[in-house]
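Whatever order the structure lists ligands and atoms in, that order sets their numbers, starting from 1.
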Amino acid sequence: MARGRVAGAFAQLLALSSVCFAYADIVSELSAREISASEAKSSYDFIVVGGGQAGLVIANRLTEDPHKSVLLVEYGYISTDPAQEDPSSAKGLNNQLNATVYAAAVLGGGSTGMMLDRGAPDDYDNWEKLGNKGWGWSDLLPYFKKATHLVPPVPSIANEFNVTWDLSAYGPKNTPIELSFPTFMYPGTKNQYKGMIEAGVTPQKEGALHAYGLFWYPGALTAKEVKRSYAVSGYYRPISSRKNLHLLTGTRVNEILFSKSKRATGVTIQARGTPDGENVQVIKAHKEIVLTAGFLHTPHILQRSGVGPAALLRAANIPVVVDLPGVGHNLQDHAAGLPAFQFNTDVTPNPDSLTNNATFQAWADELWAANRTGPRSIGVGNVGAWIPLPVLTPEYKSIVSTIRSQDITEYLPSSYDRDLLAGHKKQRELIAASYTKTTSGAIELPFGGSPAFSLSLEHPLSRGTVMLDPTNKYAEPIVDYHSLSNPVDALVLAKSVQFGRKWMSTPAMRELSPTEVAPGAALQSDEELINAVRGGSIASTAHGCCTAALSPRNQGGVVSPDLLVYGVKGLSVGDVSTIPLITGAHTCATVYAIAEKAADLIKARH
Ligand SMILES: Cc1cc2nc3c(=O)[nH]c(=O)nc-3n(C[C@H](O)[C@H](O)[C@H](O)COP(=O)(O)OP(=O)(O)OC[C@H]3O[C@@H](n4cnc5c(N)ncnc54)[C@H](O)[C@@H]3O)c2cc1C
Ligand SMILES: *[C@@H]1O[C@H](CO)[C@@H](O)[C@H](O)[C@H]1NC(C)=O
Ligand SMILES: *[C@@H]1O[C@H](CO)[C@@H](O)[C@H](O)[C@H]1NC(C)=O
Ligand SMILES: *[C@@H]1O[C@H](CO)[C@@H](O)[C@H](O)[C@H]1NC(C)=O
Ligand SMILES: *[C@@H]1O[C@H](CO)[C@@H](O)[C@H](O)[C@H]1NC(C)=O
C-alpha cells in the first residue's frame, strides 16, 4: 500500500524510541547496584534473566523483602540519552519493515513504548478459556491497576474533544506508571471521531475497561514534566539502591543449568562481545530463575538449554532436557496495512503544520520551551477505533464459518505436532467466537488528525516461529512471522481497507474532502484488495509475543498457570512470551500486568 505516507501512520502505532536513558545524576542513581561480573556472588536467591520491561517489574517486587537476594542480568546497558524521555522520541519508521524484527536491548527493554492500552475483557477471558485458570480479565484487572494511574486531561481539551475517562479503571497516584493526555490535539481529530461513529463504531467512556469500539486512551507520559513513564522510571529507579539487588549489564545469559532431577540450579553468563563460549561464568540460584528476555530470547535461551522441540535440539546437537514443542512456536504479532488518503480541504492546524507552517512551528516550540505544553506534548496519539468484525463487514458470518471449516494444518508451520495442533484448534474456536462479538476489536485504527492511518490485525490466525540457528546456537534466532499465511487474515485486512473507505465517505469526513492515495480506489474486489494487503502490509508492529505460552502442556503450552516451565523445577517465565493469544492492544500494558502477577506468584511459593 502506501509508501510515502507510512511514517505518519506508523508513528501512531509504535513509539519507537532510540531507546535509552540518562543525565549524569540519574545514570549514577540507576547504576547504584551495578556490579562487574567479577563482583558477582556465586549464588543468589533469584536470578532474573533480562532487565527489560518485565524483568524490572519482577526485580522490584522480589527485592521488597530485604532478606531475598536478586541478580538481574541484562544484555544491554543503562542508557545515557536524555532525549529518549521526551514524547518526540516516538518516531515513525520508513517502510523497511518487512524484514525487521524489533527487539529491545537496553535496561528497561521495550517499555519505552508510549501507547499504553489494554486489551478487551474478552481477550483475557479467552486466555482463561484455553485452560489457564487465574488469567481472566477479573484476575488481571487488579494488576493493571497496580501498575498504572491516570491524570485526567486538562478541562479545555476534555471539553473541546469530548474526551471521556473513568478513574476507577486505574490505581492510586503512587502506582509506578503515570498516564496522561497531551495539552493539545489537532482539530481534524473531531471530524475523524464523529465520522467513526457515523460509520457505525460505538464510543466508550473508558477504553481501559472496554477496549473495543471507539475510545480515548492516555499515553505513558507524566502529566507535569511530560516525560516518559516506563519501567526504568517507575519500577527500577525507585529501588535501584536496594542492598539485596545486583545488576549486571552488558552480559548475556547463555544457558540455564539443570541438576539430574531437572531443577534449574543456575545460569551461565558471559560478557557481551566476548567470543561465544569464552570466559563463561556460572552463577547459582537457590530459589528460582525467572526468564524475562522477551519474545525472541526467552524461547532462544530455553532451546539453548535443552528445553524445546526435540527435533530442533537434536539438529543443533543440544542434549534434550525436556521435549517441549511449544518453545518458540505460537509467535504472534499485529500485522498492519497502511492505506493513505489526502485531505483536499484539511482544517488547520494539522499534523503537517509542524513541518510546513513556520508560524505554527514557532508557536509550538515556544509553548514547549516555556511550559512543556502544546503540540509537542503529543506522544503517539490518543484516540482510535477497535472495530469489531460485525461492524467491519456485513460478511462476518461467512468469515467465521470459513475459519471453522478450515483444515488448520494447511496454514500452520509444518513443525506443529499433535499437541500444538490441539491447542491451535482451541485458539481458533475462541477467535471465531470473538469475531461474532461486538465486544472484541478485529482491527485497530488509531487517528489524530492525519490522513494517514494504519489497520492492525488484532487477532491473527497465522502463527510464526522463533527457532535457534542449528548451526550456531549463539547466533540470533531465526524468526519466521508466517504473517497472513492464513488467508482469513488477509481477507479481514482487505475488509478493513473497505471499512476505511466507508469511514472516509461519512458526512463528517467529507468536510475534509478526502481522496485515496493508496492502495488506490481502482482496487475494488476482495481479490484485488487481498493482493494489495499482501504486498504492502508490515508483519510486525513490535508486538511480538506468545513464544513460551501459558497453556496446558498437551495443548502446546510452555508454562502452567503458575508460570513454571513444564518438565523442570525452579524455572519460570514472566514476560511477553507467556501470552497465549495476542490481545487487541499494544503489548506494554499487558506485560506490566503479567509481570506484576508473576511476581506475586513467585513470592507466594517462596
Ligand atoms: C521499539 C519498540 C517500541 C514499542 N512501542 C510500544 C508502544 O508504544 N506501546 C506498547 O504497548 N508496546 C510497545 N512495544 C511493545 C512492548 O514494549 C513490548 O511488548 C514489551 O516491552 C516486552 O516486554 P518484555 O519484558 O517481555 O521484553 P523486553 O522489554 O524486550 O525485555 C527483554 C530484555 O531481555 C534482554 N535480553 C535478551 N536476551 C538476553 C540474554 N541472553 N541475556 C540477558 N539479557 C537478555 C534484552 O536486552 C531486553 O532488555 C514496543 C516495542 C519495541 C521494541
Ligand atoms: C461524546 O462522547 C460520548 C461517549 O463517548 C458519546 O456518546 C457522544 O456522542 C459524544 N459526543 C460528541 C459530540 O462527540
Ligand atoms: C499557519 O499557522 C498559523 C498559526 O496556527 C495560522 O494562523 C495560519 O493560518 C497557518 N497558515 C496556513 C497557511 O495554514
Ligand atoms: C506558561 O504558563 C504560564 C502560567 O500558566 C503562562 O502565564 C504563560 O503564558 C505560559 N507560556 C506560554 C508560552 O504558553
Ligand atoms: C514483504 O516480503 C514479502 C515476501 O518476501 C514480499 O512478497 C512483499 O512484497 C514484502 N512487502 C514489502 C512491503 O516489502
Side-chain angles (χ1 to χ4, degrees), residues 11-19 48-58 72-77 90-91 93 101-118 183 217 219-220 230-231 248-255 267-270 272 291-298 300-301 304 333-334 346-350 352-354 356-375 379-381 474 476-477 540-545 547-548 573-579 582-583 585-592 594-595:
Q12 284 212 314
L13 274 185
L14 174 67
L16 188 76
S17 75
S18 50
V19 192
V48 179
V49 178
Q53 187 190 338
L56 296 191
V57 175
I58 292 171
L72 176 61
V73 189
E74 166 55 37
Y75 182 69
Y77 301 95
K91 282 184 206 138
L93 299 174
V101 176
Y102 298 102
V106 64
L107 189 75
S111 70
T112 48
M114 282 186 201
M115 182 169 166
L116 221 77
D117 60 323
R118 302 173 191 170
T183 46
Y217 51 84
Y230 64 123
L248 258 181
T249 63
T251 305
R252 188 178 73 193
V253 169
N254 283 352
E255 288 95 15
V267 296
T268 53
I269 59 167
Q270 68 174 104
R272 185 170 166 174
L291 285 171
T292 49
F295 81 100
L296 279 180
H297 297 108
T298 285
H300 196 207
I301 294 167
R304 215 155 49 201
D333 201 324
H334 294 131
D346 205 350
V347 283
T348 51
N350 55 57
D352 285 345
S353 305
L354 266 187
N356 68 17
N357 181 333
T359 317
F360 181 75
Q361 192 187 337
W363 177 75
D365 289 341
E366 189 193 340
L367 262 63
W368 183 244
N371 295 326
R372 291 183 80 90
T373 56
V380 283
Y474 295 113
E476 282 302 312
S540 167
T541 44
H543 299 160
C545 68
T547 47
V573 182
D575 65 10
V576 75
S577 326
T578 62
I579 297 177
I582 195 168
T583 62
H586 297 217
T587 35
C588 218
T590 297
V591 169
Y592 282 128
I594 291 172

N/O separation below 3.5 Å, [X] to ligand 1:
{"X": "V106", "answer": "yes"}
{"X": "I301", "answer": "no"}
{"X": "A54", "answer": "yes"}
{"X": "V49", "answer": "no"}
{"X": "V576", "answer": "yes"}
{"X": "Y75", "answer": "yes"}
{"X": "D117", "answer": "no"}
{"X": "A589", "answer": "no"}

Proximal atoms of ligand 1 relative to [X] (non-hydrogen, under 4.0 Å):
{"X": "V73", "result": "43 (C), 44 (N)"}
{"X": "G52", "result": "29 (O), 31 (O), 33 (C), 49 (O)"}
{"X": "G109", "result": "29 (O), 49 (O)"}
{"X": "C588", "result": "10 (C), 11 (O), 12 (N), 17 (O)"}
{"X": "V591", "result": "23 (O)"}
{"X": "M114", "result": "7 (C), 8 (O)"}
{"X": "T292", "result": "32 (C), 33 (C), 34 (O)"}

Could you check ligand 3 for N or O atoms lying under 3.5 Å from protein N or O atoms and list the pairs with distances?
unit_1, atom_1, unit_2, atom_2, d
ligand 3, 2 (O), N357, OD1, 3.2
ligand 3, 2 (O), N357, ND2, 2.4
ligand 3, 11 (N), N357, ND2, 2.9

Could you tell me whether a side-chain N or O of [X] sits under 3.5 Å from a main-chain N or O of [Y], the two making a donor and an acceptor?
{"X": "S577", "Y": "C545", "answer": "no"}
{"X": "D575", "Y": "V591", "answer": "no"}
{"X": "T578", "Y": "V573", "answer": "no"}
{"X": "N350", "Y": "V347", "answer": "yes"}
{"X": "T292", "Y": "G574", "answer": "no"}
{"X": "T590", "Y": "C588", "answer": "no"}
{"X": "R304", "Y": "N254", "answer": "yes"}
{"X": "T183", "Y": "G374", "answer": "yes"}

Given L291, V48, V73, T268, the one that forms side chain to side chain contact (heavy atoms under 4.5 Å, CB included) with V253: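 Only match with V253 under side chain to side chain contact (heavy atoms under 4.5 Å, CB included): V73.
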Would a 4.5 Å heavy-atom cut-off, applied to side chains only, mark [X] and [Y] as touching?
{"X": "T298", "Y": "T547", "value": "no"}
{"X": "L107", "Y": "L56", "value": "yes"}
{"X": "L116", "Y": "Y592", "value": "yes"}

With a 4.0 Å heavy-atom cut-off (strictly under), which part of H297 contacts ligand 1: side chain, backbone, both or neither?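 It is the side chain that touches ligand 1; the backbone stays farther off.
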When you look for heavy atoms under 4.0 Å from ligand 1, do you find them on the side chain of T298, its backbone, both, or neither?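 Neither; no heavy atom under 4.0 Å.
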I want to confirm something. Looking only at heavy atoms, which of D575, T590, I594 is nearest to atom 24 (P) of ligand 1?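 When every heavy atom of D575, T590, I594 is considered, D575 comes closest to atom 24 (P) of ligand 1.
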From the options A293, G379, S577, select the one whose nearest heavy atom is closest to atom 39 (C) of ligand 1.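 Heavy atom nearest to atom 39 (C) of ligand 1 belongs to A293.
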Non-hydrogen atoms of L116 versus ligand 1: any pair closer than 4.0 Å?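 Contact absent.
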If the contact criterion is a heavy-atom separation under 4.0 Å, does T251 count as touching ligand 1?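 Yes.
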Heavy-atom closest contact ([X] atom, [Y] atom, distance):
{"X": "P375", "Y": "F360", "result": "CG-CZ, 3.5 Å"}
{"X": "A589", "Y": "R118", "result": "CB-CG, 4.3 Å"}
{"X": "T249", "Y": "G76", "result": "CB-O, 3.3 Å"}
{"X": "D333", "Y": "T541", "result": "OD1-N, 3.2 Å"}

Using a 4.0 Å cutoff against the non-hydrogen atoms of E366, which atoms of ligand 4 qualify?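 Those qualifying, in numeric order: 13 (C).
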Looking at ligand 4, does any of its N/O atoms fall within less than 3.5 Å of an N/O of N371?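 Between N371 and ligand 4 (N or O atoms, distance only) the closest approach is under 3.5 Å.
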Does R272 make a cation-pi contact with Y75, if we ask for NZ or CZ under 6.0 Å from the ring centre and within 45° of the axis?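 Positive - R272 is close enough to the ring of Y75 and near enough to its axis.
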